[in-house]
Student: 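Got a structure for you, written out below as structure tokens; questions coming shortly.
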Amino acid sequence: MAPAFVSDELAVAVSAERLWKVFMDASAMPKVCAGFVDDIVVEGNGGPGTIYTMKLNPGVGVGNTYKTRVAVCDNAAHVLKSEVLEAESKVGKLKSHSTETKLEGTGDGSCMAKLKVEYELADGSSLSPEQEKTMVDGYFGMLKMMEAYLAAHPAEFA
């Protein structure tokens, strides 16, 4: 079966520039996403080919490791495309999995986060709408943590 796609948008009460700065600062993730991300290891300079390995808090229940390789990083357009190399999933055994996140400014101090996920299940089936929502909610959960951190710390990543 061919890969399937799911996409969604999330309004964020932080400018695209500030959210992008924290989004691309791997060393900030344990602080910004405290209780979710325990540590992160970066192999590369942040551009294409860079591998990020996030050590997740086991208490969160989404696995221990989330490892990605950057395919595209466009700082001007605020676009990051990554191939997921290793992850535990609540939605089933994934054969392949990639993401694209784009941040678009929507006004002073706000933006729209647009997420596209391409996936293929190991058994060739498709995810149910509820499973797709679970997948999207996982990614947006991290963005909401970043948004909350930035709102509470207006001078950081300014």
Side-chain angles (χ1 to χ4, degrees), residues 3-57 60-91 94 96-119 127 132-158:
F5 298 87
V6 61
S7 61
D8 204 351
E9 299 180 348
L10 176 70
V12 182
V14 175
S15 72
E17 292 76 20
R18 281 189 75 213
L19 187 57
W20 183 256
K21 284 179 186 177
V22 73
F23 193 68
M24 296 308 298
D25 185 350
S27 65
M29 287 302 120
K31 176 174 70 170
V32 173
C33 297
F36 185 75
V37 177
D38 288 343
D39 191 25
I40 190 162
V41 176
V42 180
E43 301 169 49
N45 64 4
T50 299
I51 295 176
Y52 292 97
T53 305
M54 279 194 282
K55 303 295 182 187
L56 306 176
N57 183 323
V60 176
V62 295
N64 296 321
T65 304
Y66 182 75
K67 187 174 187 177
T68 61
R69 179 186 303 118
V70 174
V72 174
C73 180
D74 185 333
N75 289 310
H78 302 129
V79 174
L80 181 68
K81 295 181 184 179
S82 298
E83 173 188 7
V84 179
L85 303 175
E86 180 182 332
E88 292 180 38
S89 174
K90 290 183 174 184
V91 298
L94 298 168
S96 64
H97 179 186
S98 62
T99 64
E100 176 182 324
T101 305
K102 181 175 186 173
L103 306 177
E104 294 181 350
T106 56
D108 188 33
S110 65
C111 68
M112 185 66 67
K114 297 184 175 187
L115 174 68
K116 292 181 192 174
V117 179
E118 178 180 336
Y119 68 89
L127 295 177
E132 287 183 346
K133 182 178 180 341
T134 296
M135 181 183 284
V136 168
D137 287 351
Y139 287 108
F140 283 162
M142 279 191 70
L143 283 175
K144 288 176 184 177
M145 291 178 87
M146 293 176 201
E147 175 186 33
Y149 182 88
L150 291 171
H153 303 89
E156 290 191 49
F157 299 96

Student: Under a 4.5 Å cut-off applied to non-hydrogen side-chain atoms, are Val72 and Pro48 in contact?
Tutor: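 Heavy-atom side-chain distance check fails, nothing below 4.5 Å.
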
Student: Quick one: CZ on Phe157 to CE on Met24, what's the gap to the nearest 0.5 Å?
Tutor: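 Phe157 atom CZ to Met24 atom CE measures 12.0 Å (nearest 0.5 Å).
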
Student: Which pair of heavy atoms, one from Val136 and one from Val6, lies closest together, and at what distance?
Tutor: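 The pair with the smallest heavy-atom distance is CG2-CG2, 4.0 Å.
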
Student: Kindly determine whether Leu127 and Met135 satisfy side chain to side chain contact (heavy atoms under 4.5 Å, CB included), including the steps that lead there.
Tutor: CA-CA 10 Å; Leu127 295 177; Met135 181 183 284; 3.7 Å; yes

Student: Kindly assign one of parallel, tilted or perpendicular to the pair Trp20 and His78, based on the angle between their ring planes and the thresholds 30° and 60°.
Tutor: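 Because their plane-to-plane angle lies in the 30° to 60° range, the rings of Trp20 and His78 count as tilted.
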
Student: Compare all side-chain heavy atoms of Glu100 with those of Glu118 and state whether any distance is below 4.5 angstrom.
Tutor: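 A side-chain contact under 4.5 Å is absent here.
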
Student: Under the side chain to side chain contact (heavy atoms under 4.5 Å, CB included) rule, what do Ile51 and Val42 come out as? Steps first, then yes or no, please.
Tutor: CA-CA 6 Å; Ile51 295 176; Val42 180; over 6 Å; no

Student: Output yes when a side-chain donor or acceptor of Lys116 lies under 3.5 Å from a complementary backbone atom of Thr101, and no otherwise.
Tutor: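 Checking the backbone N and O of Thr101 against the side chain of Lys116, no donor-acceptor pair under 3.5 Å is found.
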
Student: Assess whether a salt bridge exists between Glu104 and Lys102, defined as any Lys/Arg side-chain N lying under 4.0 Å from an Asp/Glu carboxylate O.
Tutor: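 Yes, Glu104 and Lys102 are salt-bridged.
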
Student: Could you pull out the closest heavy-atom pair between Gly105 and Ala16, with the gap in Å?
Tutor: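 In this case the closest contact between Gly105 and Ala16 is N-CB, 3.9 Å.
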
Student: Could you go through the side chain to side chain contact (heavy atoms under 4.5 Å, CB included) check for Ser7 and Lys114 one step at a time?
Tutor: CA-CA 7 Å; Ser7 61; Lys114 297 184 175 187; over 6 Å; no

Student: Look up atom CG in Leu150 and atom CZ in Arg18, then write down how far apart they are to the nearest 0.5 Å.
Tutor: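 Those atoms lie 4.5 Å apart.
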
Student: Which atoms form the tightest heavy-atom contact between Phe5 and Glu132, and what is the distance?
Tutor: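 Nearest pair, atom of Phe5 first, then Glu132: O-OE2, 4.2 Å.
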
Student: Are the side chains of His97 and Val117 in contact, using a 4.5 Å heavy-atom criterion?
Tutor: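 Side-chain contact under 4.5 Å: yes.
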
Student: Between the main-chain N or O of Val84 and the side-chain N or O of Arg69, is there a donor-acceptor pair closer than 3.5 Å?
Tutor: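 Not confirmed, Arg69 side chain does not pair with Val84 backbone.
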
Student: From Asp39 CG over to Met54 CE, what is the distance, rounded to the nearest 0.5 angstrom?
Tutor: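 It comes to 11.0 Å.
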
Student: Could you tell me whether a side-chain N or O of Ser110 sits under 3.5 Å from a main-chain N or O of Val14, the two making a donor and an acceptor?
Tutor: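 Not confirmed, Ser110 side chain does not pair with Val14 backbone.
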
Student: Any side-chain heavy-atom pair from Ser98 and Lys81 closer than 4.5 angstrom?
Tutor: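 No; the side chains remain at least 4.5 Å from each other.
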
Student: Less than 4.5 Å apart, side chain to side chain, heavy atoms only: is that true for Thr99 and Glu83?
Tutor: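 They are not in side-chain contact.
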
Student: Is it true that a side-chain atom of Asp74 and a backbone atom of Val79 form a donor plus acceptor pair closer than 3.5 Å?
Tutor: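 Looks like no, no N/O pair under 3.5 Å.
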
Student: Give the minimum heavy-atom separation between Ala113 and Leu143, together with the two atoms involved.
Tutor: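 Residues Ala113 and Leu143, closest heavy atoms: CB-CD1, 3.7 Å.
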
Student: Apply side chain to side chain contact (heavy atoms under 4.5 Å, CB included) to the pair Leu56 and Thr65, showing each step before the final yes or no.
Tutor: CA-CA 6 Å; Leu56 306 176; Thr65 304; over 6 Å; no

Student: Which pair of heavy atoms, one from Tyr52 and one from Ala26, lies closest together, and at what distance?
Tutor: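 In terms of heavy atoms, the two residues are closest at CE2-CB, 3.6 Å.
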
Student: Quick check: does any side chain N or O of Glu86 sit under 3.5 Å from a backbone N or O of Thr68, one acting as donor and the other as acceptor?
Tutor: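 Judged by distance alone, no pair lies under 3.5 Å.
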
Student: Distance alone, cut at 3.5 Å: any donor-acceptor contact between the side chains of Tyr149 and Glu156?
Tutor: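 Yes, side-chain donor-acceptor contact under 3.5 Å.
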
Student: Are side-chain heavy atoms of Leu80 and Val70 found at a separation under 4.5 Å?
Tutor: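 A side-chain contact exists here, since the closest heavy-atom pair is under 4.5 Å.
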
Student: What's the shortest heavy-atom distance between Tyr139 and Tyr66, and which atoms?
Tutor: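 Smallest heavy-atom distance, with atoms named: OH-OH, 2.8 Å.
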
Student: Rounded to the nearest 0.5 Å, how far does CD1 of Ile40 lie from SG of Cys33?
Tutor: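 Here the interatomic distance stands at 9.5 Å.
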
